[in-house]
Amino acid sequence: MEFANMIGVSQGTLSELDQDKYKPSIDNVSFYLNNNTVYPLLKPFLTTKQNEQLLNDILNGSEGRTSLAGQLSGSGPKGLINEDLRYCPACLSEDCANFGECYLNRYHQLKHINICHKHNCSLISKCPECSFDLTSNSGQLYLKKPVCPLGHKIDPIPDSVVNIENQLQNDLMTDFIYLMENQGDTDANELSVKLLSCLGEKGYIHPSGLIHKTKLINDFFESYSEQRLASVIPEKRYFLERRTIKRLFKSEF
């Protein structure tokens, strides 16, 4: 359940699995992951073998930091999930009004995305008034009402509206949401073929088959500017590391 908590499921969604009311199957686990977590965003970038490994890790409880599930849900280079569970103040109020309680939004847990795509306000993990943690990553504490554990009401914050500098985060979220809501059978091998085809058309592949990797990365950062990219991806030097370049162009990484 550690993986499920970290990737932002609505509280109670996986309670039956947690309480061992029945023996979960791969199909059951896949259903919950597809509809309540960011698993659909990971799936297209995994090989078939990696996807099977991920599902088995979760099904068998192998969610430690050295497992594939642990790596993808952690805060390391491969991890997609923010270390702290976060809320949008405006969503808290809306959820409480519409559903009678608050929920963790899976989109709000994505690393490097610090704004709500719906309200354009900053995501929070601590009470704006007392700085007390709003949740526990162990899954033992969640907000049911827009009130912090110490009793302070959490209202939408007017001055948290973002400016145009965060447009890149909004653009990324648009792409993320598309991937999440348009699930298909695409896997990392197919994406790798499409990427290589595109790079060839753009002139980044030498007739010998070698990819001009450093040029590609430099052009990418020049196109978007390092300053603009700083809020959503690691520093440029990380992408120029040999192991990172391998991960970018080898589906098994």
Side-chain angles (χ1 to χ4, degrees), residues 3-4 6-9 26-27 29-60 62-82 106-107 109-113 168 171-206 209-217 219-221 223-224 229 232-234 236 238-253:
F3 177 79
M6 293 183 70
I7 55 181
V9 297
I26 284 287
D27 288 340
V29 171
S30 296
F31 173 81
Y32 284 116
L33 292 179
N34 280 318
N35 291 280
N36 296 280
T37 75
V38 297
Y39 168 67
L41 184 56
L42 295 169
K43 185 178 178 182
F45 301 96
L46 300 174
T47 63
T48 300
K49 181 178 180 180
Q50 287 173 325
N51 186 58
E52 292 174 351
Q53 180 185 341
L54 175 64
L55 293 178
N56 278 313
D57 283 349
I58 298 170
L59 183 63
N60 298 316
S62 302
E63 301 168 12
R65 296 298 179 185
T66 57
S67 70
L68 182 59
Q71 291 178 50
L72 295 176
S73 63
S75 56
K78 288 186 179 181
L80 184 66
I81 310 305
N82 195 68
R106 57 181 172 173
Y107 296 123
Q109 314 315 320
L110 293 171
K111 188 190 296 184
H112 305 304
I113 303 296
L168 181 58
D171 292 343
L172 281 173
M173 276 306 307
T174 299
D175 292 338
F176 289 163
I177 292 172
Y178 177 83
L179 286 172
M180 297 271 280
E181 297 181 354
N182 293 274
Q183 301 177 34
D185 297 325
T186 300
D187 65 8
N189 290 317
E190 184 177 344
L191 281 181
S192 180
V193 171
K194 290 181 178 180
L195 174 61
L196 291 175
S197 175
C198 181
L199 292 179
E201 293 176 1
K202 298 293 183 180
Y204 287 104
I205 298 182
H206 189 272
L210 293 175
I211 301 173
H212 303 301
K213 304 180 184 70
T214 301
K215 183 180 186 304
L216 173 63
I217 293 172
D219 287 351
F220 173 75
F221 276 87
S223 175
Y224 285 96
L229 292 169
V232 294
I233 62 175
K236 180 179 178 180
Y238 167 76
F239 285 91
L240 293 173
E241 292 177 1
R242 185 177 180 84
R243 61 180 180 178
T244 303
I245 290 178
K246 281 187 175 181
R247 278 207 281 275
L248 288 173
F249 299 100
K250 295 289 186 180
S251 58
E252 63 268 22
F253 283 87

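Keep in mind it's a predicted model, so treat the numbers as computed, not measured.
Pairing each heavy atom of Y204 with each of K215, the nearest pair is CE2-NZ, 4.0 Å. Residue L110 comes nearest to M173 through the heavy atom pair CD1-SD, 3.9 Å, listed as atom of the first residue, atom of the second, then distance. L191 and P44 make their closest contact through CD1-O, 3.0 Å (heavy atoms, listed as atom of the first residue, atom of the second, distance). Listed here is the closest heavy atom pair of I81 and K111: O-CE, 3.7 Å. Here the shortest heavy-atom pairing between H212 and G203 reads CD2-O, 3.9 Å. Contact detail for T47 and A188: the closest heavy-atom pair is N-CB, 3.6 Å.
Here CG of N189 is found 8.5 Å from CD of Q50. Values are rounded to the nearest 0.5 Å. For the atom pair L54 CG and L46 CG, the distance stands at 6.0 Å (nearest 0.5 Å). Note that the CG atom of L41 and the NZ atom of K43 stand 12.5 Å from one another [nearest 0.5 Å]. Of the inter-residue distances, the one linking L42 atom CG with L179 atom CG reads 10.5 Å to the nearest 0.5 angstrom. To the nearest 0.5 Å, atom CG of residue L216 and atom CZ of residue F220 are 9.0 Å apart.
Not a single donor-acceptor pair under 3.5 Å links the side chain of E52 to the backbone N or O of K49.
Two residues are said to be in side-chain contact when any heavy atoms from C-beta on lie closer than 4.5 Å; M180 and Y39 fail this criterion. Residues N51 and L55 meet the side-chain proximity criterion, which asks for heavy atoms closer than 4.5 Å. Within the 4.5 Å cutoff, no side-chain heavy atoms of S197 are placed close to those of K202.
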Go through the steps for T37 and R106 under the test side chain to side chain contact (heavy atoms under 4.5 Å, CB included), then give the verdict. CA-CA 6 Å; T37 75; R106 57 181 172 173; 5.5 Å; no
Show the numbers, then the answer: is there a side chain to side chain contact (heavy atoms under 4.5 Å, CB included) between L199 and I211? CA-CA 8 Å; L199 292 179; I211 301 173; 4.2 Å; yes
Can Y107 and I113 be said to form a side chain to side chain contact (heavy atoms under 4.5 Å, CB included), step by step? CA-CA 9 Å; Y107 296 123; I113 303 296; over 6 Å; no
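When each of D175, N182, T174 is paired with Y178, the side chain to side chain contact (heavy atoms under 4.5 Å, CB included) condition holds for N182 and for no other.
A donor atom on one side chain and an acceptor atom on the other are found under 3.5 Å apart for D187 and T48.
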